Structure formats: C-alpha cells, structure tokens
Participant: 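Structure incoming, see below.
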Amino acid sequence: MKCVIVLMNSGIPDIVFMSADASFIQHANEVAIDKGLIQRNDVSWEKLDLNIATQFFSPIVASHSLLACELNNGYSFITCENDSIFVFKDFGDHLYIAFNGDGEESEDFLCRKLMIFNKIVCLHYGPVVDDLRPDSIAKREEKWVTLGSVLNTWLQLYNQEQCFLFEAIERLQVNQGVNEMCINLLELTLKKMGSNGEKNAMHTMLLVNAKLLALFSTPKAKELQPSDILLLTLLACDIYPSIETLDDMLSHPFKAVDDQSCDTPELLSNECMMENRRQTSSTANSGDASGDGEDFHTPNSSNSPANTPERCCTPVEEEMTLPEITLPSDIPTIMEPINHNSQQSPSKDVNVDQDISDSEDNVATDVVDPCTHHVGYHIPKSLDIHGRDTCEHEDRFFTPQNDRTIDFKALYDEQNQISETDYSDDDTVPEEVQPTFQENPIFTFATLKPTKPRQFPRNEKLRIPVFLRSHSCEYTPHIAQFIPILPGITMVILSEVKSKLAEYLCKALDSLEPLDHDKVERQTRVTLKRAVDGIDMYIKKIRELLQKSRGVLLRHFNSLNACWDNCRKFGLFQYSDSGIPEPMTPRLESAVSELKRILRTIFRLKYLSPKHSGPLYEKTLDSVQKHTANHLCLYQQYLTVKAQRNITMTTYLEKFPGLIHFVYIDRTADLITAPAVNVTKTEGSDGRDASLLIHDKVWSMTGKLHRFIKEGYISVAYREGDFFYSYFLWFEDTSGSSLECRVIPTIDINGPPPGIIATDFYK
C-alpha cells in the first residue's frame with residue numbers, strides 16, 4: 001500500500017500530483033465508506049475521488065503548515081499504530097508526502113524516494129512545478145501517468161541495478177572493437193545532425209538497458225553531469241522497457257545473423273524477439289562476433305594504450321583479462337570517524353560482502369593544488385566517460401557559441417501553450433492560440449487510477465524538453481531525443497538550448513524564495529537586502545532580453561514591468577532595509593506573489609511550449625536509426641547479455657578465496673565496478689537461489705552502511721552469521737597515496753541520503 005502526493009503548501013491544500021497503487025485506492029475507498037463520505041453503491045473500487053483524497057490529507061497538511069510557519073519545525077515523518085508511515089518534504093511552494101502501509105519501505109527509503117521524485121519533476125518541468133496540474137483532466141491524467149511510470153521504473157531499477165542502488169554510472173565492459181565502433185557511430189550521428197540544421201546537438205550516448213555503452217560530446221559542449229546521465233538512463237528505461245531476462249537469453253541457442261538481415265533491421269518487440277529465440281534451433285558459428293556462450297571478459301586497460309571510451313579497437317576474438325584490484329595498505333581502522341580537511345579530494349567508496357576489500361590499480365586520482373587549495377582531477381583513460389582524450393580533460397567542455405536554434409515536437413501538448421519556431425532568447429512568441437476543449441472545462445469530478453507503466457510504441461522516437469544541471473543554471477534547458485535502435489539498445493541525443501534567459505529567470509525565482517509569506521519573518525535584514533538586490537538585478541537583465549518581444553510574450557513583458565513597479569511602489573526596498581521581523585503588507589505580498597507567477601509563465605512559454613520539427617529532421621533521425629542498427633545488429637545479443645552479466649567473479653576467486661561480492665566506486669567520476677547480480681524470481685521458488693541470496697545481502701548491507709556514512713564513519717566491518725561485511729572510504733592524492741583524514745566533517749543526520757541524484761553528497 002503505497003502513495004506519493006504533491007500539494008500546494010498553503011492553508012487550503014490543492015493536490016498537484018498523486019500516484020498510488022491499487023491497494024491504497026481500495027483502502028481509501030473503504031475508509032471513505034466507513035466515514036460516510038460516499039455510499040458503497042457509488043464506489044468504483046479501481047478509482048479514487050480526488051475530493052476524498054483532499055479531505056484525508058487536509059488535516060495533516062494544515063498541521064504541518066502551522067508547525068512550519070509558527071515554529072519552523074514541521075513534520076519530518078509520522079508513524080501510526082499499525083506501523084504505517086508518512087514522510088514529509090518541503091520543496092519550494094510544494095509539500096511532498098510519501099505513504100507506506102505495508103512495511104516494505106522504511107523512513108530513510110521514503111525520504112530518498114521523495115527527493116528522487118522531486119528531481120524527476122524538475123527534469124521534466126524545471127522550476128514550473130505547477131504545470132503538473134493543468135485545468136484539463138485529460139492532460140492532467142496524461143502527465144500523472146507519465147511521472148508515475150517514471151517513478152515506478154526508478155523503484156524497479158533501484159531494486160535490480162547496482163548503479164541505481166549506489167547512484168553511480170556503470171560502463172558496459174565490452175571489447176575494444178565494439179567500443180571503437182560505437183564511438184564512431186556517435187561521432188557520425190552528431191555530424192549528421194549538424195549538417196542537417198541541428199547545430200546545437202552536443203551530446204549523444206548509447207544505452208543498453210540501464211548501462212552506458214558509449215558517450216560522445218562535441219568540444220564546445222558543456223560538461224554532462226553523472227547525475228543527469230543516470231536520470232536520462234531512467235527515462236530511456238521507462239520509455240523502452242526490457243522484459244527479457246538473462247535466463248531467457250542463455251536458455252536458447254544463438255542464431256547467426258547474415259549480412260542481408262542487417263540491411264533493413266526491424267525493430268521487434270521484446271515479446272517477438274523472445275518468441276523468435278524459442279523457435280531458433282541453429283547454433284552460432286565459432287567465428288561470430290557475438291561469441292558462442294563463453295564468458296565475456298573485460299579488457300585490460302593497462303596493456304592497451306588505445307583503450308579509452310573514445311577510441312578502442314581490439315578484435316572481438318582477442319584475449320582479455322579483468323582488471324587487477326588492490327586495496328591501499330593503510331586503510332583506516334574499523335569504526336573510525338571521518339576526518340578530512342579542505343585539501344582532500346572527493347571520496348572513493350567500496351562496499352564488500354566479505355572481509356576482503358579490493359579496488360582497481362587504475363583508478364582516478366586527485367590533484368591538490370598547494371597554492372590555491374582547489375581540487376582537480378586526473379582521470380585515467382579507462383575511466384573517462386566523456387569520449388575524449390584525457391590529455392584534454394581540463395578544457396574538454398566549452399560554452400557553445402552557435403546561436404542557431406532548433407525545432408522540436410514535444411510529447412506534452414498544453415492547453416494554453418502556443419507554437420514557436422525558435423528557442424533564441426531574443427525571439428518572440430506569437431499571439432496565444434485559443435484552447436479547444438475536448439471535455440467539460442468545469443472541473444467537477446476527478447478520479448485517480450492505480451499507477452501502471454505507460455504504453456509507448458517500441459519503434460517510435462520521442463523528443464521532449466529536459467532541464468539539466470550546470471554550473472551556471474540549475475535548470476539548463478535541453479532537448480532530449482530518444483531513438484530505439486534495437487530491443488534493449490537506445491540512443492539519446494542531447495541538444496542544448498540558448499539559456500541566458502532561463503538562467504536569469506531561475507536566479508530571480510531563487511532570490512524570491514526568502515520573500516515567501518511563511519519564510520520572510522525568519523529572515524535577517526542582510527538576507528532580505530541581498531535577496532531584493534538580486535531580484536532587482538535579474539529583473540533588469542530579463543527585461544533587456546525581452547525588449548523586442550511580440551505577441552503573448554509582449555503582454556507578459558508588460559505585466560512584468562507593471563508588477564515590478566508595483567513591488568517598488570508598495571515598499572519592497574523599504575521593507576528589506578528596515579529589518580523589521582514582521583509580515584509584509586497585503587498589497588506587497590500580493591505583488592511579490594504575482595511577480596513569481598509571471599516569471600514562471602515566461603519560463604513555461606519559452607521552454608515548455610510545443611514546437612514542430614521539420615521533415616528534414618525526421619528524415620535525418622530515420623537515417624541515424626537505420627545506420628546505427630545496421631552496425632549493431634550483429635552484436636545485439638552480445639550487448640544484451642553483457643548488460644546483465646557485465647563482470648563476473650571468476651577471475652577474482654583465485655586471488656581472493658572466500659570473496660563473494662565487491663563494489664568499487666570512483667567518486668571523482670562517479671563510476672561503479674561490480675560483478676553482476678542477476679536475479680530471476682519465479683513462482684514456487686524455494687528461496688535457496690545463490691544469486692538471490694547475494695542480492696538480498698548486498699541490498700540489506702547498503703542501507704546499514706549508508707546510515708554509518710551519515711554518522712561520519714569511513715570504515716565499517718561487522719558480521720552477520722557466516723557473512724562478513726566491510727566498507728572502506730578513503731581519499732587519494734595525485735600519486736595515488738592515501739590521505740589522512742584530519743578534520744571531522746559536519747554531516748546533517750536529517751540531510752539528503754548518500755548519492756548524486758538528489759544532491760552530490762560526496763562532493
């Protein structure tokens with residue numbers, strides 16, 4: 001029994017988003033019948049009236065708001081007598097609530113769940129979270145189903161993939177020949193997009209299920225954050241889910257693919273592909289590039305100078321060995337609190353299921369500048385995920401200089417949004433198109449259905465706006481193009497959007513946060529003065545960029561000028577200079593609230609409005625899709641098996657007897673190296689499967705160790721039955737030597753969980 005709900009954090013709760021399973025909906029209907037809110041004959045057990053849900057959550061929201069406003073101490077969680085738990089998180093003007101009534105999710109997990117969901121919302125809508133609740137019930141249901149499906153996909157990946165459990169990128173350890181071919185395909189893709197008018201296409205990557213196969217970026221592209229790569233991987237897994245398991249692939253012989261079948265590859269569904277395997281009776285040729293069922297080994301990067309993510313060219317038949325892993329000899333003692341100073345680099349952490357911990361010799365090392373006390377990184381070629389030579393890592397990413405813009409067709413059509421043809425900051429938006437309603441515009445009755453995976457055609461391409469993190473802006477607008485190549489293999493093309501206006505809009509909205517009616521009384525005079533001065537500066541920059549606007553943007557530009565004049569006239573600057581801890585006057589509070597609404601509206605019109613791509617763009621995508629599929633069709637089964645059996649323990653058992661599992665994470669690049677744990681739960685299983693046992697041990701250990709990390713420990717070891725668990729976190733200098741921790745850090749126990757998606761905990 002699970003539910004996630006987002007409400008406007010105000011005196012009258014307004015549901016902005018809600019996602020629940022069937023058991024929660026049934027339980028809520030039963031409680032509503034017992035309370036006399038509805039009659040049993042009028043109940044639809046598969047739906048929940050949102051008016052009833054509002055009545056259920058209104059007392060809790062009102063109590064939380066009162067405590068937060070009056071005492072600055074709102075609820076963090078509520079535990080009921082039947083062990084049901086509510087977890088609360090405030091994000092700006094909205095209150096996120098997660099509920100669990102079956103005991104499967106703990107308080108820490110629900111906290112992580114809410115923070116991850118907030119990042120999913122920001123990825124889709126940036127600072128305009130209010131777009132989750134359009135006036136149209138049909139549009140609202142479409143958006144809620146989309147976000148609910150993405151959240152459920154994250155839950156599934158969190159319980160199955162170690163890269164989402166530890167929040168680090170897992171590179172697919174393929175041979176150098178395949179790696180070289182993939183990088184060439186990605187580079188060619190960006191050249192094709194640029195030659196056909198898509199000048200702002202800066203990043204492209206190939207994903208195999210939840211693992212990164214290859215990534216290539218142009219020299220002028222801004223750096224793509226690892227957390228954004230994980231979020232894009234999450235979207236790809238949600239749009240094109242893979243239901244094929246390792247048992248399905250290994251239980252049937254391989255069918256050799258001839259050259260003719262690769263000329264016009266067909267995007268088969270997972271069901272059709274599995275059915276074809278069941279009907280296959282022939283075996284693979286011994287010289288086929290996909291192999292004949294032998295173990296796939298990881299190339300030894302130390303022996304191959306060309307083994308980089310950008311250029312790798314070893315034949316498939318070449319003998320490969322797994323990287324040798326050693327542990328620093330001066331690992332701190334057990335249960336030692338963290339002590340590190342400002343000169344130390346971001347952390348590296350290892351999780352081990354036995355009393356032996358191991359790590360790669362070829363790890364990324366840190367550079368500590370003794371003059372400036374700033375930290376830089378030297379990332380070896382085997383761990384560089386950006387597809388460029390490591391000698392250029394310091395100037396790998398530049399701000400794009402091309403002002404050429406792009407057209408696109410968004411997935412989400414909004415009722416009151418208009419069509420644009422360009423994304424430039426100096427362009428305008430034409431007159432607003434009158435919306436056409438397909439239903440009664442009066443919102444009288446809305447229901448919630450159980451969250452289910454969204455049905456998206458397997459062979460269709462999807463183009464949506466996304467907002468990624470950068471150094472200059474928290475919500476930098478991009479266009480993400482998802483292209484299905486083969487079942488389980490997806491290409492993602494990222495195009496940057498000219499974002500100077502977006503940067504100023506986001507910074508202006510951030511400066512308005514201290515002026516909220518429930519926060520302004522707790523701000524100091526210095527904080528208010530700094531916030532108002534920042535708003536004044538950013539409003540001037542926004543007005544300069546919107547001076548030549550026409551159409552609907554011109555109207556909002558005039559409204560912005562009038563609203564800002566009202567804020568000045570009603571005494572905003574005098575209020576910030578006075579430093580009096582009293583609420584603002586009603587007129588000033590209303591003007592500030594209207595200013596925030598106008599800024600969000602401008603952001604929505606500029607970066608969330610639907611666009612239309614031309615036929616040349618669609619033709620280019622079809623060409624890229626076909627060309628990439630032609631080259632990867634011979635390696636499809638090889639890549640799919642590697643995605644579920646990336647690294648095996650066979651090589652490490654001789655050197656470390658008794659070692660069951662290990663996880664090595666390089667936090668300088670957020671890369672994870674760990675043997676695969678494949679679990680296929682079937683009905684009637686007696687629970688004695690070895691993979692299932694290891695899976696349960698690793699996942700249970702991770703929750704305990706994360707609590708120790710938040711308490712400030714860098715070394716933990718404990719025993720549970722016949723199993724020994726150990727965890728080590730250490731810091732290294734430029735020579736690879738371990739650094740001693742000298743200063744105990746201040747870690748908030750109630751802060752964000754360890755990871756990189758919600759916040760960069762380790763940095």
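Both backbone and side-chain heavy atoms feed into the values below; hydrogens, waters and symmetry mates do not. Just so we're clear, the structure is a prediction, and the values are computed from it rather than from any experiment. For reference, positions follow the sequence shown, starting with 1.
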Participant: Nearest 0.5 Å, what's the NZ-NZ distance between K606 and K498?
Facilitator: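 K606 atom NZ to K498 atom NZ measures 9.5 Å (nearest 0.5 Å).
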Participant: What distance separates L123 CG from L234 CG, expressed to the nearest 0.5 Å?
Facilitator: 8.5 Å
Participant: For L172 and K211, which heavy atoms make the closest approach, and how far apart are they?
Facilitator: CD1-CD, 3.7 Å
Participant: If you take all heavy atoms of P127 and R600, which pair is closest and at what distance?
Facilitator: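 So the two residues come closest at O-NE, 3.9 Å.
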Participant: Enter the distance from L494:CG to L468:CG here, rounded to the nearest 0.5 Å.
Facilitator: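 So the gap between those two atoms works out to 6.0 Å.
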Participant: Give the C-alpha distance, both sets of side-chain angles, the deciding distance and a yes or no for ring-ring contact (aromatic ring centres under 6.0 Å, His included) between F467 and F603.
Facilitator: CA-CA 12 Å; F467 301 93; F603 190 96; 5.4 Å; yes
Participant: Quick one: closest heavy-atom pair of V624 and T628, and the distance?
Facilitator: O-OG1, 2.8 Å
Participant: Between H203 and S217, do the side chains contain an N or O donor and an N or O acceptor separated by less than 3.5 Å?
Facilitator: yes
Participant: For the residue pair D130 / Y125, report whether a side-chain donor-acceptor contact shorter than 3.5 Å exists.
Facilitator: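 Looking only at side-chain atoms, D130 and Y125 do not form any donor-acceptor pair under 3.5 Å.
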Participant: Side-chain donor-acceptor pair under 3.5 Å between N184 and E180, yes or no?
Facilitator: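 A pair is found: one side chain offers a donor N or O, the other an acceptor, under 3.5 Å apart.
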Participant: Any side-chain donor paired with an acceptor under 3.5 Å for R469 and S227?
Facilitator: yes
Participant: Of all heavy-atom pairs between Q162 and I672, which one has the smallest distance, and what is that distance?
Facilitator: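 That would be O-CD1, 3.8 Å.
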Participant: List for me each residue that meets salt bridge (charged side-chain N to carboxylate O under 4.0 Å, His left out) alongside D760, sequence neighbours excluded, and say none if there are none.
Facilitator: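 For D760 there are no salt bridge (charged side-chain N to carboxylate O under 4.0 Å, His left out) partners, ignoring immediate neighbours.
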Participant: So, S149 and D238: side-chain donor and acceptor under 3.5 Å apart, yes or no?
Facilitator: yes
Participant: Where is the tightest heavy-atom contact between E167 and A758, given as atom of each residue plus distance?
Facilitator: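 Here E167 and A758 meet closest at OE1-N, 4.4 Å.
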